[in-house]
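Below, each value reflects all heavy atoms present in this structure, side chains not excepted, and no hydrogens, waters or symmetry copies.
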Amino acid sequence: MNKNLIALAVAAATFSGAASAATVYSDDTSSLAIGGRVEARALLSENGKTQVSQDDYKTYNEYHQALVNQKTSNDVTDISRVRVNIDAKTQIADGVQGIGYFEREFKSDNANDENRYMYAGVNSDKYGQIVYGKADGSLGMITDFTDIMAYAGSVVGGSKLAVSDRTSNNLAYSGTFNNLTFKANYVFDGAAYNDTTGQKTNQNGFSTAAKYTVGDTGLALGVGYAQQKDQTAANNSVNQTSKQTFAVASYTVGDLYFGGLYKYGHRDATNLVTNDLTDSQGYEFAAAYTMGKAVFTTTYGFMKDERNTSGAYDELANAVSVDGTYYFNSNFRTYASYTYNMLDKNKVGKVAASDEVVLGARYDF
């Protein structure tokens with residue numbers, strides 16, 4: 001088995017390209033590397049032929065019915081993207097480095113271009129790393145257990161709170177001690193206000209996570225927690241607190257990988273039928289198999305509304321994805337991905353319940 005391929009496919013399916021970055025400057029104390037990716041992606045899915053906006057309807061029920069009746073067509077959408085990153089470090093003491101990292105993503109629709117990362121800080125070979133800026137929260141390490149697909153993301157892990165995901169105004173720590181990796185981050189109360197109401201519109205809070213690899217058994221375990229205060233929530237009230245707890249496990253044996261995830265959230269999701277802020281519960285399973293230069297992956301994710309005390313619930317996510325990736329070498333790969341969406345289109349609308357087919361080619365540098 002090619003250990004590098006399984007590492008790319010399973011442990012870092014979403015990696016930014018920094019691992020293959022080229023060093024463009026280096027001296028006795030400092031270095032600067034440039035990396036990234038060019039990724040061509042064609043998405044076939046059901047899209048709305050006419051746009052439906054909630055602002056055009058007096059009640060949410062009218063808007064929801066318009067979504068269900070929306071005229072759609074199967075179109076191919078160009079969702080290609082390019083990422084470029086700069087990774088810099090300099091020795092400031094024995095075993096201690098000053099670091100800086102920047103990554104920009106450019107999309108086929110340039111209105112969606114964004115700075116993905118922008119942070120600086122200090123790294124200690126012994127005690128870990130602390131940075132401030134736009135950086136990862138703590139729960140990405142946990143959701144990566146099932147977020148292994150070439151294209152399709154984790155439908156449950158993707159629902160993590162903003163303070164636990166990649167975000168700005170973020171003070172983040174990470175450290176690895178033998179088989180244990182620990183992360184914690186705090187997102188500060190920022191200066192974002194609604195010009196009309198004067199209310200704050202930002203989110204602040206914290207998240208923390210731990211991952212433990214059980215020796216050479218192939219077993220890994222993880223747990224994470226996040227808490228976030230929404231200054232202006234979905235229903236226009238203020239100072240509402242959202243919480244999430246994640247638990248994960250994975251097992252690797254030979255060319256096979258298995259991962260599982262469980263999530264419970266308080267006021268962390270939006271009901272697709274009523275548009276109300278709600279509690280949620282979800283689980284996800286993932287598997288990968290490496291065969292030579294080919295990697296095959298699959299995930300199944302399910303998430304439901306937990307606020308209905310009668311026992312009935314609405315589904316927030318219910319999908320299975322499969323894909324295959326072929327690595328020509330460490331720099332170039334091609335893949336095909338299919339997502340079968342099992343949400344009820346009569347409840348959430350045809351677009352939200354659409355299946356997806358994606359063909360992609362990716363060059364990392």
Asp75 and Ser73: side-chain donor and acceptor closer than 3.5 Å?
yes
Is there a side-chain contact between Asp314 and Lys347 in this structure, where contact means two heavy atoms from C-beta onward sitting under 4.5 Å apart?
yes
If you draw a 6.0 Å radius around CE in Met342, do more than 12 non-hydrogen atoms from other residues or ligands fall strictly inside?
yes
Tell me which one of Asn185, Asp165, Asn170 satisfies side-chain hydrogen bond (donor to acceptor under 3.5 Å, both in side chains) with Ser207.
Asn185
One should read off an interatomic distance between Tyr132 OH and Ile130 CD1, to the nearest 0.5 angstrom, of 12.0 Å
Do Val214 and Leu256 belong to the same hydrophobic cluster, where Ile, Leu, Val, Met, Phe, Trp and Tyr are linked whenever their side-chain heavy atoms lie under 4.5 Å apart, directly or via other members?
yes
Got a sec: does the NZ of Lys350 have more than 12 other heavy atoms crowding it under 6.0 Å?
yes
State, to 0.1 Å, how close Lys183 and Gly137 come at their nearest heavy-atom pair, and which atoms those are.
CD-O, 4.5 Å
Under a plain distance cut-off of 3.5 Å, with no hydrogens placed, do Asp305 and Asn271 share a side-chain donor-acceptor pair?
yes
Would you say the rings of Tyr264 and Tyr262 are close, in the sense that their centroids are separated by under 6.0 Å?
no
Please report the closest heavy-atom contact between Ala172 and Asp136, naming both atoms and the distance.
CB-O, 3.8 Å
Assign the ring pair Phe332 / Phe328 to parallel, tilted or perpendicular, where the plane angle (0 to 90°) is split at 30° and 60°.
tilted
Both conditions, 6.0 Å and 45 degrees, for the charged tip of Arg166 above the ring of Tyr117: are they met here?
yes
Please report whether the ring centroid of Phe188 lies less than 6.0 Å from that of Tyr186.
yes
OH of Tyr340: more than 12 outside heavy atoms within 6.0 angstrom?
no
Does the distance from a Lys or Arg side-chain N to an Asp or Glu carboxylate O, for Glu39 and Arg81, drop under 4.0 Å?
yes
Within 45 degrees of the axis of the six-membered ring of Phe102 and under 6.0 Å from its centre: does Arg104 put its NZ or CZ there?
no
Take a 6.0 Å sphere around CG of Asp125 and say whether it holds more than 12 heavy atoms from other residues, nucleotides or ligands.
yes
